[in-house]
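Let me begin by presenting the structure, written as structure tokens, before commenting on it.
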Amino acid sequence: MSREKIIIDTDPGQDDAVAILLALASPEELDLLAITCVAGNVPLALTARNARMVCELAGRRDIPIFAGCDRPLGRALVTAEHVHGKTGLDGPDLPEPTMPLQDSHAVDHIIACLRDHDPGTVTLCPLGPLTNIATALQKAPDIAPRIRRIVLMGGAYFAVGNVTPAAEFNIHLDPQAADIVLKSSVDITMVPLDITHKALVTESRNAAFRALGTPVGIAVAQMTEFFERYDREKYGSPGAPLHDPCVIAYLLRPDLFSGRHVNVEIETTSELTMGMSVADWWGVASRAPNALFLGDIDADGFFSLLTERLARL
């Protein structure tokens, strides 16, 4: 079976970093063409820095990394240093990156990459706000039918919101962008909080990362230890949800997940519910399905996969 060509669009973020590492540790299945960065968890300069740091941690200076949009479409940027720390990647003591950013804008690279490859061969994996993806679709509508699929981390239904009572962070930060993407007619899979809040980094799971004894394993343990302090206090849970690696795990092991093809609309007008993912889980609306909305995960299988793959780096 041929490897799936992917572009990771991201705003690292400790969980984004683990997702990148999982992709890099899976070369038999995934061909990581590029990493494109967007403002989200922290401002753009830091997300671009963090992506390079993670690639250097994995010994993969060959991965091209592009900086993209530095603010949402039509809204102010609201970052999440209170969750991820002032750098967005607090926890491990990683050296400053030396690999360069590419000269092109991330949006232009996404467009060029989709045009350069055969239609239906490149998957987009957004792990943060959808600003880069929506901007590319607006700038070059011809790319939509060329995208194999979009597998994104974002949204919530049964889990409601994590940044407001109604909305998940990635969608809430740029709801206009999410609305554009969900209306693009591209094959979309959403990995919402309903999934990620079942993928908790417990003490034993974190100990398994540290027990790898490698720079990657130790750094991941330090990242998740820092990351989990916020969620333990907020939710009273036994660990932090590991959001973004679920996107990569879905590409590798879709059998670990289940969900439904439903219609998902994004609230873009009401400040009370801004960014809410209105998922028609029970099929009560007349709107046609536009996304596979995941609802459950085999968490033990997910962490077994993640630990096994990280051991390769």
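Positions are given from 1, in the same order as the sequence printed here. Computed from a prediction, not measured in an experiment: that's the story for all the values here.
- Partner S26 forms a side chain to side chain donor-acceptor pair (under 3.5 Å) with one of E4, R312, R309 and no other, that one being R309.
- Considering only residues two or more places apart in sequence or on other chains, P97 meets the side chain to side chain contact (heavy atoms under 4.5 Å, CB included) condition with R49, R52, M53, E56.
- Under the 3.5 Å distance criterion, with hydrogens and angles disregarded, a donor-acceptor pair is assigned to the side chains of E267 and T269.
- Between I143 and L114, the shortest heavy-atom distance links the atoms CD1-CD1, 3.8 Å.
- Residues D174 and R75 are not paired through a salt bridge, judged by the lack of any N-O separation under 4.0 Å between the basic side chain and the carboxylate.
- Residues passing the side chain to side chain contact (heavy atoms under 4.5 Å, CB included) test with S286, sequence neighbours excluded: none.
- Within 6.0 Å of the CG atom in D103, the count of heavy atoms belonging to other residues, nucleotides or ligands does not exceed 12.
- Smallest separation of non-hydrogen atoms from A25 and L310: CB-N, 4.5 Å.
- Taking all atoms of both residues into account, the shortest heavy-atom contact from G295 to W281 is CA-CH2, 4.0 Å.
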| request: Determine, stepwise, if the pair R260 / D296 fulfils salt bridge (charged side-chain N to carboxylate O under 4.0 Å, His left out). | output: CA-CA 10 Å; R260 297 182 184 180; D296 206 358; over 6 Å; no
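- Here D187 pairs with nothing under the salt bridge (Lys or Arg N to Asp or Glu O under 4.0 Å) rule; sequence neighbours left out.
- A 6.0 Å sphere centred on CZ of R71 holds no more than 12 heavy atoms belonging to other residues, nucleotides or ligands.
- Connectivity analysis of hydrophobic side chains (ILVMFWY, heavy atoms under 4.5 Å, direct or indirect) links F66 to nothing; its cluster partners are none.
- Electrostatic pairing of E29 and R253 does not count as a salt bridge here, judged by no charged N lying under 4.0 Å from a carboxylate O.
- Listed by chain and residue number, nothing satisfies the salt bridge (Lys or Arg N to Asp or Glu O under 4.0 Å) test with R146 (two or more places apart in sequence, or in another chain).
- At a cut-off of 3.5 Å, with distance as the only test, no side-chain donor of S104 or Q102 sits close to an acceptor on the other residue.
- A salt bridge does not link K198 to D298: none of the charged side-chain nitrogens sits closer than 4.0 Å to a carboxylate oxygen.
- Remark: D93 pairs with no residue by the salt bridge (Lys or Arg N to Asp or Glu O under 4.0 Å) rule, at least two apart or across chains.
- Under the 30°/60° scheme for interplanar angles, the aromatic rings of F209 and F303 are found to be tilted.
- The minimum heavy-atom distance linking V191 with C246 is given by the pair CG1-CB, 3.7 Å.
- A donor and an acceptor atom, one from each side chain of T47 and N50, are nowhere located under 3.5 Å apart.
- Side-chain atoms of D9 and T36 include a donor-acceptor pair closer than 3.5 Å.
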